[in-house]
Visitor: 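Once you've had a glance at the structure underneath, I'll fire off some questions.
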Number of protein chains: 2
Amino acid sequence: MRDQLHPEEIEPDGDDFLPGLAIDAVIFGFHQNQLKILLLEYRNTGLMALPGGFILTNENLNDAARRVLSERTGLSDIYLEQFYVFGDLNRFDPAPMRAIMAAKGFMPPNNHWLLRRFVSVGYYALVDFTKAVPIPDSLSDSCAWYDLANLPLLMQDHQFIVQKALDTLRTDLDRKLIGFNLLAETFTMADLQSLYETILDQKLHRSGFQRKMLSLGILERLDKHYSGGAHKAPFLYRFIK
Amino acid sequence: MRDQLHPEEIEPDGDDFLPGLAIDAVIFGFHQNQLKILLLEYRNTGLMALPGGFILTNENLNDAARRVLSERTGLSDIYLEQFYVFGDLNRFDPAPMRAIMAAKGFMPPNNHWLLRRFVSVGYYALVDFTKAVPIPDSLSDSCAWYDLANLPLLMQDHQFIVQKALDTLRTDLDRKLIGFNLLAETFTMADLQSLYETILDQKLHRSGFQRKMLSLGILERLDKHYSGGAHKAPFLYRFIK
DNA sequence: TCAAAAGTGTTAATAGTACACCCATGG
DNA sequence: CCATGGGTGTACTATTAACACTTTTGA
């Protein structure tokens, strides 16, 4: 359900927000050949959750998602995509949220708006790991990157949401030019291939990959990158805007 | 926003439903080589709209969509897919809904729940045209098929929703085995090709299409179909379950 | 026997896979 | 001068596209 509270969200009516509707964000980053996502931790409860938020009554849904993303990463202009709406009744379980609020010393009434049923719109986002600055929300104690391959136990159905986001990311990888949003401004072909291999969880052929990427006509070749390694220096590339 | 009202929906609080959340359904059918969708008409207002509905407080989101589909077509086990959530503020315009209710002799108070802002989950559905029995909802005067290529003016952003559904249908056509849900139980290869050509709005090569479909291994060849035409009788096919 | 439509075959073009080769680089 | 990684070349294969040929059907 939800995890991010501003002071006004503690109020029992939640009048500033659309009722019963939330956003859950699976924020992907890529670092040292590993896919990572941002998770929030509620220390006194042991609960971990996806970043999320609510929609202001005078705010577009997609803008609310961008706001959540920006609040958790400090970044704007993030690649963002809706991928599914989670609306099953069995998501409804007020216990974790009550525990989280209690751990913060707030005892909500039983009819508190945060303890009601929520339908959640899932978004996935792709950010430059080196640029993002994870920032906890008002109810969580930490916001940090976690290896997708080695996630801790997540509250509610957040594990399922992550899986669905990853599935969507994989099928979108061909059709959209997604890979580039996870890399720094310039990168080598090996960086790009490693990203693709990590997302798809399979090895790709080096020469074929190189020519396929170049044939797309979306890469600009820059100077060579001298890493200090004892081998031919690879070209750097940049995504043509 | 919304168009389908049960008696209990006329009540000003809408307590039986999740507040501010609706479903809009783009229901595709295929007949005489034309893609069609179901539309509702509100005669006294001149307004036309997509079928839609709300989510009961004790109902799964996807089940609500299935219910709406079933109520408008008389069919169950319909192919159904979420495709987008429409949550922009500029969708919010209570005038059409007020006009619709007024035309039915009901003057809603200004704070009536149906006149508030709605976020709408878009679903597209694929149904067998010959089996569906279009049924209006309690506020509309007709429910009928309309040529996608020649749609009337739709209320609010429903034209945009249809376009987005069609875009999704096209990109899904390869990845999922979608085509078959729009045809009768048995069909000729020409029927199937015509369906694909209509959805994609482009000509396909006959022999290539035939072999590609057969190579998928999902078609069962049945008896020949003698149409009375002065030409070779085509085989009928059925989708292997 | 003819025209129309259906099924299959043939070839060319294209894209994808696998592997090989040579080059640059720093130790 | 060697090991390593990088860029490109080439052969092979699978898929797709384009067109041709043959068969069936009812008039």
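A note on names: the letters A, B, ... follow the listed sequences, proteins ahead of strands, and every chain is numbered from 1.
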Visitor: Y196(A) has an atom OH; how far is it from atom P of dG16(C), in whole Å?
Guide: 13 Å
Visitor: If you define the side chain from C-beta out and look only at heavy atoms, does anything of R67(B) sit under 4.5 Å from D63(B)?
Guide: no
Visitor: Expressed as a whole number of angstroms, how long is the span from L204(B):CG to dT16(D):P?
Guide: 12 Å
Visitor: I need the residues from residues 231-240 of chain B with at least one non-hydrogen atom less than 4.0 Å from DNA chain D; give them sorted by number, or say none.
Guide: H231(B), K232(B), A233(B)
Visitor: Whole Å only: how far is the CD atom of Q193(A) from the P atom of dG5(D)?
Guide: 13 Å
Visitor: L214(A) CG to dG16(C) P: how many Å, rounded?
Guide: 14 Å
Visitor: For Q202(A) and dG16(C), what is the distance between atoms CD and P respectively, to the nearest whole Å?
Guide: 14 Å
Visitor: With DNA chain C as reference, determine whether S227(A) or R221(B) sits nearer its 5' end, using the nearest nucleotide of each.
Guide: R221(B)
Visitor: R211(B) has a side chain; which of dT8(C), dT10(C), dC21(C) sits nearest to it?
Guide: dT10(C)
Visitor: Quick check for you: among dT24(D), dA20(D), dT8(D), whose closest atom lies nearest to any side-chain atom of K224(B)?
Guide: dT24(D)
Visitor: So, Y84(B) versus F86(B), ring centres under 6.0 angstrom or not?
Guide: yes
Visitor: Measuring to OP1 and OP2 of dG6(D), would you say a side-chain N or O of Q210(A) lies under 4.0 angstrom away?
Guide: no
Visitor: Mind checking G229(A) for me? I need base, sugar-phosphate or nothing, with any heavy atom below 4.0 Å counting as a touch.
Guide: sugar-phosphate
Visitor: For residues 209-241 of chain B, which residue pairs qualify under ring pair (Phe, Tyr, Trp, His ring centres under 6.0 Å), counting only residues two or more places apart or in two chains?
Guide: F180(B)-F239(B), Y196(B)-F209(B)
Visitor: Measure the distance from NZ on K203(B) to C1' on dT16(D) and round it to the nearest whole Å.
Guide: 19 Å
Visitor: What does S207(B) touch in the nucleic acid at a heavy-atom separation under 4.0 angstrom: a base, only the sugar-phosphate, or nothing?
Guide: base
Visitor: Which whole-number value in Å describes the distance from H205(B) NE2 to dT14(C) P?
Guide: 13 Å
Visitor: Check the distance between dG16(C)'s P and M213(A)'s CE and give it to me in whole angstrom.
Guide: 11 Å
Visitor: Do you know which two heavy atoms are closest between L50(B) and L38(B), and how far apart they sit?
Guide: CD2-O, 4.4 Å
Visitor: Between D191(A) and S194(A), is there a side-chain donor-acceptor contact under 3.5 Å, judged purely by atom types and distance?
Guide: no
Visitor: Do E185(B) and D128(B) come close enough that some side-chain heavy atom pair is under 4.5 Å?
Guide: no
Visitor: Which word best sums up how the rings of Y124(A) and F28(A) line up, parallel for under 30°, tilted for 30 to 60°, or perpendicular for over 60°?
Guide: perpendicular
